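This structure is a prediction, so every number in the text was calculated from the model and none was measured. Throughout, a chain's letter reflects where its sequence line sits, starting with A, and its residues are numbered from 1. These numbers come from the heavy atoms of this one structure, side chains and all, not from hydrogens, waters or symmetry mates.
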Amino acid sequence: MTDVPPDWIHPPDLAAARAAQHAIAARAEAADRLAEVPRLVAGVDCAGAARGRPDRIRAMAVLLERGAPSAPVATGLVEGVPAFRYVPGFLGFREIPFILDALAALPARPDLLLVDGHGLSHPRGCGTATHLGVVLDLPTIGVAKSPLVGKPEGELGMEAGSQVPLVWKGRRIATVLRSKRGVNPLFVSAGHRVSPETAVRHVLDWLAGYRLPEPTRLADKLAGEARRLAEA
DNA sequence: GCGACAG
DNA sequence: ATCTTGTCGC
């Protein structure tokens with residue numbers, strides 16, 4: 001992470017941010033370049049602050065080891081004041097500065113990173129997952145709870161495991177996945193160094209009875225608990 | 001011009 | 001994302 005342009009992390013404005021996204025997307029790798037069976041997998045997510053309070057956010061990184069699910073090997077928590085307000089399509093610039101610190105607090109680099117948000121299923125092919133992947137040169141997968149762009153192609157079955165492609169401008173940009181019966185689907189997209197098929201395979205692999213895969217589920221839960229404790 | 005819009 | 005208890009359903 002030494003040859004990363006400053007604008008990729010702290011662009012002065014949205015115009016620079018947009019240019020950075022195009023540059024990052026051009027460097028994103030669509031082919032698999034990761035371990036067949038990742039041993040250390042991390043999940044990251046951010047929690048905001050209760051309204052009425054300063055615009056602070058907390059980034060939580062959770063490190064899990066294959067075989068020992070739901071029992072984090074380690075966690076990293078970071079709090080700060082984001083430089084950007086939330087603007088659809090530019091979420092990465094608001095959260096990534098803190099996510100990078102949260103990941104740096106972990107004792108080891110993960111073999112794979114699951115991100116709460118989109119990867120390639122983004123207007124410029126540069127969702128937070130892709131952004132993080134290129135900056136860290138780490139395999140990443142985007143796991144979003146709602147679409148940013150695109151429409152599901154066809155009817156998604158009600159059974160767990162049902163899938164249908166998310167299409168935008170004639171392109172398949174993500175997989176709409178029913179991770180569990182009776183819940184809204186997940187939008188799984190490739191981030192960096194992971195193919196669309198592999199992305200879905202790993203999400204299914206780390207599912208443990210909940211809508212979200214463990215890495216992201218725990219990061220989401222722990223970030224929320226940290227917020228409660230801090231504001232209590 | 002109008003509506004949509006990850007977290 | 002956040003505001004929030006009970007409640008319907010498998």
Taking atom [atom2] of [N] as reference, at what distance in whole Å does atom [atom1] of [X] sit?
X	N	atom1	atom2	value
A:Met60	C:dA1	CE	P	15 Å
A:Ile57	C:dA1	CD1	P	13 Å
A:Ile99	C:dA1	CD1	C1'	13 Å
A:Asp55	B:dG7	CG	P	17 Å
A:His122	B:dA6	NE2	C1'	9 Å
A:His118	C:dA1	NE2	C1'	15 Å
A:Arg56	C:dA1	CZ	P	20 Å
A:Asp45	C:dA1	CG	P	7 Å

Grab the N/O contacts between the protein and nucleotides 2-5 of chain C below 3.5 Å, and write none if there aren't any.
from  : atom 1 : to       : atom 2 : distance (Å)
C:dT2 : OP1    : A:Arg227 : NE     : 3.4

Checking all strands, does [X] fall into the base, sugar-phosphate, or nothing category for heavy-atom contacts under 4.0 angstrom?
X	result
A:Ser121	nothing
A:Gly142	nothing
A:Pro147	sugar-phosphate
A:Phe90	base

Within a 6.0 Å radius of atom [atom1] on [X], are there more than 12 heavy atoms belonging to other residues, nucleotides or ligands?
X	atom1	answer
A:Arg201	CZ	yes
A:Glu155	CD	no
A:Arg211	CZ	yes

Quick one: does any side-chain atom of [X] pair with a main-chain N or O of [Y] as donor and acceptor, under 3.5 Å?
X	Y	value
A:Arg227	A:Ala223	no
A:Glu214	A:Leu64	no
A:Asp111	A:Arg39	yes
A:Asp32	A:Ser195	yes
A:His131	A:Trp8	yes
A:Arg193	A:Thr140	no

Exercise. Using only side-chain N and O atoms of A:Ser146, determine if any of them is under 4.0 Å from OP1 or OP2 of B:dG7.
Key: yes
Quiz item: Would you say a side-chain N or O of A:Lys145 is under 4.0 Å from OP1 or OP2 of C:dA1?
Solution: yes
Please enumerate all protein N or O atoms sitting under 3.5 Å from an N or O of nucleotides 6-10 of chain C, with distances to 0.1 Å.
from   : atom 1 : to       : atom 2 : distance (Å)
C:dC10 : O3'    : A:Arg181 : NH2    : 2.3

Quiz item: Are the ring of A:Tyr86 and the six-membered base ring of C:dA1 within the stacking cut-offs of under 5.5 Å and under 30°?
Solution: no
Exercise. Measure the acute angle between the ring planes of A:His118 and A:Phe187, then classify it against the limits of 30° and 60° as parallel, tilted or perpendicular.
Key: tilted
